[in-house]
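Comments concern the structure below.
Quick caveat, the model's predicted, so the values are computed rather than measured. Below, chain A is the first sequence line, B the second, and so on; all start at residue 1. For the numbers below, each heavy atom of this structure counts, side chains included, while hydrogens, waters and symmetry mates do not.
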Amino acid sequence: MSFATSNEPTLEPSSEPVISARDVRVWYGTTRGAIRAVDGVSFDIAPGETLGLVGESGCGKSTLGRGLMGLLPPGAKRDGEVWYDGKDVLSMRAKDSYRLRGTDLGMIFQEPLTRLNPLLRISAHFEETIKQHEPGLSKQQVRQRALDALRQMGIPPTRYRSYPHEFSGGMRQRLMIALALVLQPAFIVADEPTTALDVLVEAQIVQILNDLRRNFRTSLLLITHNVGIVAEACDRVAVMYAGRIVEEGRVSDVFENPQHPYTRELLRSTISLRTTGLNFIPGSPPDLVDPPDGCRFHPRCPDAMAVCATRNPINIERPTGGRVECWQVGPRDQIPSGGTRPLKQEELAVADEA
Amino acid sequence: MRTLLRTLAKPFTETAGLARWMLVIGLVMTSLFVVLAIFAPWIAPYGFAQASSGGVDFPKAGAPSGDHWFGTDRLFFDVYSRTVWGARTAIEVVILSIVICVVVGVPLGLVSGYYGGWLDRVLVLVMDAMFAFPSFLLAIVFSFLLTGLLGGTVLAVALSLSAIYVPQYFRVVRNTTVSAKEATYVEAARAIGASDFVIMRRYLLNNVVQSVPVLGTLNAADAILTLAGLGFLGLGIQSTDAAEWGHDLNRALADAGSGIWWTGLYPGLAIVLLVTGLTLVGEGLNETLNPTLRVRRLLPVVMTPREER
Amino acid sequence: MPTKPETPDADAQGAGVEAGPIIDVRGLAVHYGLRGGSLARLFGRDAGVVKAVDGIDLTLQPGEVVGLVGESGSGKSTLGRALLGLAPATEGSIRFRGQDLATLSRRRLRDLRRHIQMVFQDPSAALNPAMTVEVAVGDALRVHGMRSATERRAKVVDALERVGLSPVELFLEKYPRDLSGGQKQRVVMARAIITGPSVLVADEPISMLDMSVRAKILQLMLDLKQDLGLTYVYITHDLASAKYFCDRIAIMYLGRIVEIGPTEEIFANPRHPYTKALLRAIPDPDPGRQLPRDLPRGEVPDAAAPPLGCAFHPRCTEAVASCGWESRDLRTLVEAHWTRRTPEAFEAESASVGSLDHLDRPATSATLGKDGPEAIKGFLDQVRAEAPDDPIWTGVQTITDEGSGVRVHFHEGVDPALRRAGGVDVACVLYPEEPSGV
Amino acid sequence: MTGSRSGSLPRYILQRVLLVIPMIWVILTLVFIVLRVAPGDPVSAALGGKLNDEALDQRREALGFNDPLIQQYWDYLTSVARLDFGTTFSDNQTVLHVVRDNGGATLSLTLAAFLIALLVGIPLGLVAGRYRDTFPDVAIRIFGILSYAAPIFFVGFLLQAYVAKPLGLPTSGSAGVETVYYMERDGLNRTHILLFDVFLSGNSYYIEDALKHLLLPAVTLGLLICGVFIRLVRVNILQTMQSDYVEAAEARGIAQGRVTRRHAFRNALVPVITVIGLQFALLLGGAVLTESTFNWPGLGQKLVEYINDRDYVAVQGIVTIFAIAVVLISLLVDIVNALIDPRVRY
């Protein structure tokens with residue numbers, strides 16, 4: 001096991017990012033043309049940090065998460081770079097990147113029941129996972145490791161020999177988390193881990209995820225459509241729209257002071273306990289086979305300018321840290337003359353709504 | 001009409017690769033036999049029970065020749081003609097029995113699945129018992145009874161085939177009904193005040209019958225084999241009433257050892273080809289319509305060079 | 001409904017503002033039989049009963065929006081379906097403008113559904129995939145006897161315009177699969193309002209939609225309410241939208257209403273521990289908010305074998321002696337203890353405690369242990385020392401020696417009924433009966 | 001739902017065993033309705049031309065055919081309960097005796113065919129499913145379809161015409177006349193199942209002779225269900241290979257081969273077991289044709305003889321026994337299934 005070092009966190013908080021994605025693209029081929037599900041995404045995640053990835057359905061956030069793990073359906077193609085431990089995961093041989101799974105990169109899924117083999121006991125799931133990566137361990141040691149992971153997720157050892165269908169929804173999700181954590185990977189992708197759960201159980205799981213970074217020093221990419229969960233469980237947030245990350249930064253910073261109109265509108269349209277009036281974003285996300293020219297949000301953007309419809313916005317630093325892609329923020333000097341006048345938009349009707 | 005055409009074309013437009021090829025090849029093979037069946041009087045040079053032509057008797061078990069492409073059998077009949085006429089018998093019997101199956105099985109399954117309760121329980125038990133029973137034995141028993149009552153006619157054989165396939169239609173339609181009736185749109189129909197009859201006819205039937213084409217073609221394939229099997233045992237259609245491949249093969253079996261290969265080969269090949277054709281259609285349809293087996297058509301992705309952003 | 005002679009209840013509608021509730025639910029219970037084994041199935045025997053809805057009283061005043069809020073298994077959807085007669089009532093009565101649904105013939109019940117309509121959670125599932133928008137929306141008229149296709153079309157066009165699907169021509173011939181989620185939900189709404197209902201039961205109408213359209217559909221519902229004078233039952237698990245949308249809120253748990261009252265009062269001053277927990281638990285996009293630490297443990301229990309006493313007590317952080325403690329809680333306690341022990345300690349303790357499976361049969365006293373009373377008492381003391389504030393200890397009455405272990409006796413629990421507490425009604429032993437009554 | 005644990009296996013098995021009784025009752029009732037009520041008078045059908053009216057009536061009276069139907073039905077059920085399946089008209093033997101004499105041959109044939117189909121069909125199905133849409137998949141599927149599409153008697157015809165002679169294989173009988181004679185003469189027919197008896201005798205000549213006779217019929221019958229197995233296994237593999245837990249196992253870095261073996265293959269074979277049980281019914285049907293084609297002295301061939309003699313009692317008896325066998329096999333399959341799949345609780 002060449003990457004076993006990751007079991008002991010040796011990195012300092014301010015050190016290198018665990019995962020560093022550069023210009024990642026994931027496209028699907030269809031009869032209509034290529035769907036540009038992820039189209040040039042870059043981000044870093046530091047050790048022990050949680051990055052929340054939010055966006056509407058169909059914006060490519062799940063594809064991005066699976067793309068990082070290499071779990072893409074046939075017909076998908078990816079490029080760009082994902083640096084982990086000094087190596088580019090995307091350009092590795094398939095065999096080598098496969099070996100990283102479980103020990104270094106982990107994944108938590110949305111529907112825990114379908115993710116567990118119904119014919120195998122929980123113990124068998126753990127044993128096969130541990131044995132695969134650490135074949136030298138004795139049976140007793142394997143059991144010890146598994147029970148430890150389960151205990152930390154609040155699952156009593158009396159349930160170790162049960163079958164998946166004998167657990168409740170929340171317990172199954174804890175099982176999945178324990179199974180992903182048992183080898184203490186440095187980085188975990190959690191794809192909508194609470195979507196199918198009840199409110200109170202969701203809160204329990206969010207709490208567990210929140211504790212992860214403290215107790216395990218695991219970095220987490222938390223994919224969700226719920227901005228509330230991002231606010232509660234994440235250090236930083238990346239807002240995704242139509243295959244691109246349009247804004248990214250510290251959660252408090254981005255939520256209090258959104259720079260991108262999409263971030264702002266998304267937050268405004270979210271119904272929360274403090275909602276006093278209803279807001280919504282007109283129109284629907286674009287067809288990713290043929291996304292709009294310029295800024296992909298411009299047809300729905302209340303602040304759109306002439307330049308937005310023709311030129312791609314430039315990825316720049318946010319005033320208070322983080323990054324954003326919007327002509328409203330700048331850089332002013334690259335906007336051609338006349339580019340700042342408001343864009344004349346067609347009225348968006350219900351016919352275009354999501 | 002447009003929607004109908006679109007629905008019919010769906011299996012072609014939505015599949016790729018193997019499934020599509022299976023469907024096309026299967027359809028070609030099946031249509032060939034349908035054409036033979038319809039135009040048998042014009043395609044076959046002689047009648048199916050004709051032993052002489054223009055006052056000249058056919059040779060007994062004559063080898064293939066210019067007059068008799070596939071030769072003649074021990075009863076002086078022309079093998080080529082009998083093979084062509086056999087297609088007509090097979091298609092007639094199969095269509096008739098499938099129609100009976102659909103007419104009986106679909107409504108029964110729909111009502112049983114929709115209402116549930118005692119009727120459903122009894123029907124399921126009876127149908128399961130029939131389904132579990134060796135179907136060929138069942139066919140033997142039924143044709144034994146029905147040919148006793150109706151004679152060795154096409155109808156008698158079609159009815160005995162239906163008897164063994166109705167349970168399958170019932171099961172499939174009932175099970176889809178049971179799951180479809182839990183669908184929200186059925187609940188929604190109830191919420192707008194629709195009666196049970198309206199729900200079954202306008203909301204369930206359409207969605208339930210979608211499983212019938214696959215079942216129908218696969219059953220048709222099986223029915224051809226069963227029909228031939230009955231004929232082989234001498235329990236099906238009498239050879240003077242119609243040409244039947246299985247019956248011909250039975251008579252040909254004795255020839256196998258004496259080097260007379262043509263009497264058995266051609267009817268046998270006809271069965272194999274027709275059954276293969278129908279199976280290919282059925283499996284092709286299944287791979288297209290069954291979401292768990294469907295392969296989406298994917299085209300290779302060409303990633304354009306990066307735009308300057 | 002112009003094609004039909006005026007029915008008595010339509011007259012009542014015409015009579016304008018009517019005194020009293022539009023819907024009055026009294027002691028409603030909806031029970032389902034659980035399916036048993038194959039043999040039981042053959043003979044139609046039931047293996048048990050799930051009380052999906054149990055003893056609900058609820059009134060709807062004309063023009064108000066009542067929210068039913070709860071987690072899955074709370075019975076909120078069943079209650080909503082029962083209002084249309086879609087889920088048959090086992091006990092109790094539902095009166096629509098004074099008329100008891102249970103006394104109606106199937107035919108009259110179907111007629112009545114013109115006046116109470118429903119919007120579903122998943123708009124993709126609520127539309128027949130084989131029907132165009134026009135057929136789907138018009139079918140509501142067709143089943144109520146409107147034969148003329150042109151009349152129907154005019155009505156359909158009108159309904160589609162009302163829900164904002166214009167230009168209408170663009171949508172009439174579309175199939176559900178050609179529409180977006182928001183558009184489908186609008187079609188479902190058009191189908192619901194086309195028969196001119198007075199009550200609309202909306203079962204999680206926005207939870208399956210994308211965030212950016214949720215507010216839009218909610219706005220549409222408010223507009224329709226204004227224009228058509230509708231009364232809403234809004235079923236949701238999302239307290240935030242309920243807070244914005246509802247006049248009154250009923251919090252449901254395991255088939256019961258545990259707290260009901262005006263929205264402001266519920267949010268300003270939640271009383272039932274479950275309501276408090278829900279309010280703490282909802283994720284809020286306010287980054288300044290701290291994560292709640294005192295979340296209820298566990299999950300919604302199996303409705304086929306609900307906890308004794310108050311159904312919420314096993315998860316309640318404020319539970320007291322009379323909440324209905326029982327054997328299964330003991331099992332949870334011991335198992336939770338073991339999640340804090342090392343594997344070796346667990347092996348040793350587990351050997352002395354023995355099997356816990358017998359605790360699954362609910363009882364107010366339970367035996368435990370096989371290594372003698374002293375060993376097991378020591379074990380329980382240790383468990384207690386670890387979390388002395390666990391509410392279960394308030395419920396333990398005595399621990400007596402029995403056989404090779406001990407028997408733990410719990411206080412007899414009470415099943416609290418809804419009663420007045422301040423501005424709301426709440427079902428919790430912490431809020432004793434107020435003498436004044438209604 | 002936290003506490004939902006598995007229902008007990010013994011309880012399930014008990015329930016399942018009890019369910020056999022109503023199933024047999026239903027199937028017996030069906031047999032009775034079809035074979036006793038529908039055709040009218042079995043005695044004149046079988047013996048119409050052979051006996052005079054008076055004698056016919058005596059036979060009817062003796063066999064209870066003049067009793068009210070409900071009485072006949074009751075008699076039928078009670079005699080089946082006593083394992084009395086009647087006595088044939090045409091050769092005046094008890095049906096049980098007929099089954100003992102001919103059932104063994106059918107059993108040897110079906111078991112051998114089943115074995116061939118399992119050994120060939122399941123591995124081929126696994127390969128086809130695992131390597132979907134590759135050349136092996138296409139080839140295996142075509143083989144599967146053809147082996148199913150070719151009628152037994154046609155395969156038999158081809159084997160007899162082109163294979164038997166060059167290889168010097170016999171085309172009829174379950175063993176050579178000599179073998180049968182010596183087995184009986186020397187009292188070696190211990191089980192009445194020739195195939196087992198020759199093995200028990202330990203005589204290599206007898207064994208070789210019996211196996212030679214078995215080869216072609218077993219291959220013919222085996223091919224039929226082999227195609228069914230291929231199709232079934234392949235479809236199940238396709239489904240499990242796409243399942244979420246397979247992907248999750250890959251995400252945990254479990255080696256591909258292990259994922260395929262432990263998660264995909266294993267799970268795919270569970271539903272296959274159920275259907276394999278049902279295939280036994282197909283096998284019994286196919287056995288009738290195989291026996292006729294190869295002149296194999298089994299129960300199927302006997303059944304066809306009785307049908308041609310219009311011997312209703314014999315047909316009814318044999319069909320009843322087949323039916324009970326099918327019910328018992330489905331019981332066995334369900335129990336095996338419950339042992340393998342923990343989700344089967346009720």
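- Counting heavy atoms from C-beta on, the side chains of C:Leu278 and A:Leu200 come closer than 4.5 Å.
- Shortest non-hydrogen contact noted between A:Pro282 and C:Lys216 is CA-NZ, 3.9 Å.
- With a 4.5 Å cut-off on non-hydrogen atoms, A:Gln152 does not touch chain C at all.
- When the side chain to side chain donor-acceptor pair (under 3.5 Å) test is applied to A:Gln144, the partners found at least two apart in sequence or on another chain are C:Glu344.
- A donor-acceptor pair under 3.5 Å is formed between the side chain of C:Glu299 and the backbone N or O of A:Met171.
- Neither the backbone nor the side chain of A:Thr194 has a heavy atom closer than 4.5 Å to any heavy atom of chain C.
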After noting the C-alpha distance and the side-chain angles of C:Leu218 and A:Phe280, does the key distance pass the side chain to side chain contact (heavy atoms under 4.5 Å, CB included) rule? CA-CA 10 Å; C:Leu218 219 48; A:Phe280 42 82; over 6 Å; no
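- Atoms OH and CD1, on C:Tyr244 and A:Ile271 in that order, are 8.5 Å from each other to the nearest 0.5 Å.
- The part of A:Ile155 that comes within reach of chain C is its backbone (N, CA, C, O), which places non-hydrogen atoms under 4.5 angstrom from that chain.
- When heavy atoms are compared at a cutoff of 4.5 Å, C:Arg340 approaches chain A solely by way of its backbone atoms N, CA, C and O.
- The minimum heavy-atom distance between C:Glu71 and A:Val199, with the atom names listed, is OE2-N, 3.7 Å.
- The minimum heavy-atom distance linking C:Met211 with A:Leu266 is given by the pair CE-CD1, 3.9 Å.
- Of the possible donor and acceptor atoms, one in the side chain of A:Gln204 sits under 3.5 Å from a partner among the backbone N and O of C:Gly298.
- Shown here for C:Ala215 and A:Ser269, the closest heavy-atom pair between the two residues is CB-O, 4.2 Å.
- Shown here for A:Glu202 and C:Pro283, the closest heavy-atom pair between the two residues is OE1-CG, 3.7 Å.
- Contact count versus chain C (heavy atoms, under 4.5 Å) is highest, among A:Met153, A:His225, A:Glu265, A:Arg268, for A:His225.
- Contacts between C:Phe245 and chain A at a heavy-atom distance below 4.5 Å are absent for every atom of the residue.
- At a 4.5 Å heavy-atom cutoff, C:Leu209 makes no contact with chain A through either its backbone or its side chain.
- Residue C:Ile206 touches chain A through its side chain alone, counting heavy-atom pairs closer than 4.5 Å.
- Taking both residues in full, the closest heavy atoms of A:Leu273 and C:Phe267 are given as CD2-CE2, 3.5 Å, listed atom of the first, atom of the second, then distance.
- For chain C, no part of A:Val230 is nearby; none of its heavy atoms comes within less than 4.5 Å.
- Separation of atoms CG (A:Leu278) and CE (C:Met221) is listed at 11.5 Å; rounding is to 0.5 Å.
- Residue A:Arg143 touches chain C through its side chain alone, counting heavy-atom pairs closer than 4.5 Å.
- Here the straight-line distance linking atom CZ of C:Arg214 with atom OG1 of A:Thr270 works out to 8.5 Å at 0.5 Å rounding.
- Contact count versus chain A (heavy atoms, under 4.5 Å) is highest, among C:Ser350, C:Ala242, C:Pro296, for C:Pro296.
- Residues satisfying the side-chain contact (heavy atoms from CB on, under 4.5 Å) test with C:Ser74, not counting sequence neighbours, are C:Lys76, C:Met252.
- When heavy atoms are compared at a cutoff of 4.5 Å, A:Asn279 approaches chain C solely by way of its backbone atoms N, CA, C and O.
- The choice from A:Pro157, A:Gly58, A:Gly170 that makes the most heavy-atom pairs within less than 4.5 Å of chain C is A:Pro157.
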